[in-house]
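Accompanying notes for the structure given below.
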Amino acid sequence: MKLCSACLLGIRCTWDGKDRYKNKKVIELSKKEVLIPICPEQLGGLPTPRIPQEIQNGTGDDVLNGKCKVLNKEGKDVTVYFIRGAREVLKIAKLLGIKEFIAKQKSPSCGCGKTYDGTFTGTLIKGDGVTTALLKKHGIKVISEENL
Ligand code: SF4
């Protein structure tokens, strides 16, 4: 059993109210083993659809350490929702004894190794999203959908 970003499994939870049911490797894996869909942004209390959000000048680790914020495209501080969502996902992982998470790439929550730089220009930087960073801190293996 593994956790998986819900949008990759066809749940319409993304900022634009759609899914990201496109990665054939994830779809194949979901037919062979139990993948538990989680969406940290919804679990953190954000609506769907929602205004796009990016970590500002930093990574998920920086957000957890209080060094930077997550803002939406209108400039509203949504950091609290991202931290809350990450903690809820960790709670689910502990509840079910899950040790792996298959993560949607580039998301400010689920991104694994790549995330946007906060300028809303599509520019990527090295780093994890907030949920990925918290799960890694707690010994959960995070696998980007790109590396399945
Ligand atoms: S927070 Fe994660 S699961 Fe939710 S829409 Fe974004 S990438 Fe998908």
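Keep in mind the model is a prediction, meaning the values are calculated, not measured. Both ligands and their constituent atoms are indexed starting at 1 by order of listing.
Among all non-hydrogen protein atoms, the one lying nearest atom 4 (Fe) of ligand 1 is C39 SG, 2.4 Å.
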Run the side-chain donor-acceptor check on residues 116-125: report pairs under 3.5 Å with partners two or more places apart or on a different chain.
from: D117; atom 1: OD1; to: T119; atom 2: N; distance (Å): 2.9
from: D117; atom 1: OD1; to: T119; atom 2: OG1; distance (Å): 2.6
from: D117; atom 1: OD2; to: T119; atom 2: OG1; distance (Å): 3.3
from: T119; atom 1: OG1; to: T121; atom 2: OG1; distance (Å): 2.6
from: T121; atom 1: OG1; to: T123; atom 2: OG1; distance (Å): 2.7

Output a table of donor-acceptor pairs, distance under 3.5 Å, between side-chain atoms of residues 136-143 and any protein atom two or more places apart or on a different chain; print 'none' if there are none.
from: K136; atom 1: NZ; to: D128; atom 2: OD1; distance (Å): 3.3
from: K136; atom 1: NZ; to: D128; atom 2: OD2; distance (Å): 2.9

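Heavy-atom proximity to T14, at under 4.0 Å, picks out these atoms of ligand 1: 5 (S). The distance from ligand 1 to the heavy atoms of S107 drops below 4.0 Å at these ligand atoms: 6 (Fe), 7 (S). For ligand 1, the atoms closer than 4.0 angstrom to any heavy atom of A6 are 3 (S). Using a 4.0 Å cut-off to heavy atoms of E41, the atoms of ligand 1 that qualify are 1 (S), 6 (Fe). Ligand 1 places these atoms under 4.0 Å from at least one heavy atom of K104: 7 (S).
Among C110, G129, G85, the residue whose heavy atom lies closest to atom 2 (Fe) of ligand 1 is C110.
Only one option out of P108, C13, C7 pairs with E41 in a side chain to side chain contact (heavy atoms under 4.5 Å, CB included); it is P108. The side chain to side chain contact (heavy atoms under 4.5 Å, CB included) test with P37 singles out one residue from L8, I11, L3, and that residue is I11. Each of Q105, E145, E28 was checked for a side chain to side chain donor-acceptor pair (under 3.5 Å) with N23, and the lone residue meeting it is E145.
Between the side chains of D16 and T14, a donor-acceptor pair is found at a separation under 3.5 Å.
Separating the OG atom in S107 from the CZ atom in R20 is a distance of 10.0 Å, to the nearest 0.5 Å.
Using a 4.0 Å cut-off between heavy atoms, R50 contacts ligand 1 through its side chain alone, with no backbone atom that close.
Metal site remark for atom 4 (Fe) of ligand 1: C7 contributes no N, O or S atom at a distance under 2.8 Å.
Heavy atoms of I38 approach ligand 1 to within less than 4.0 angstrom.
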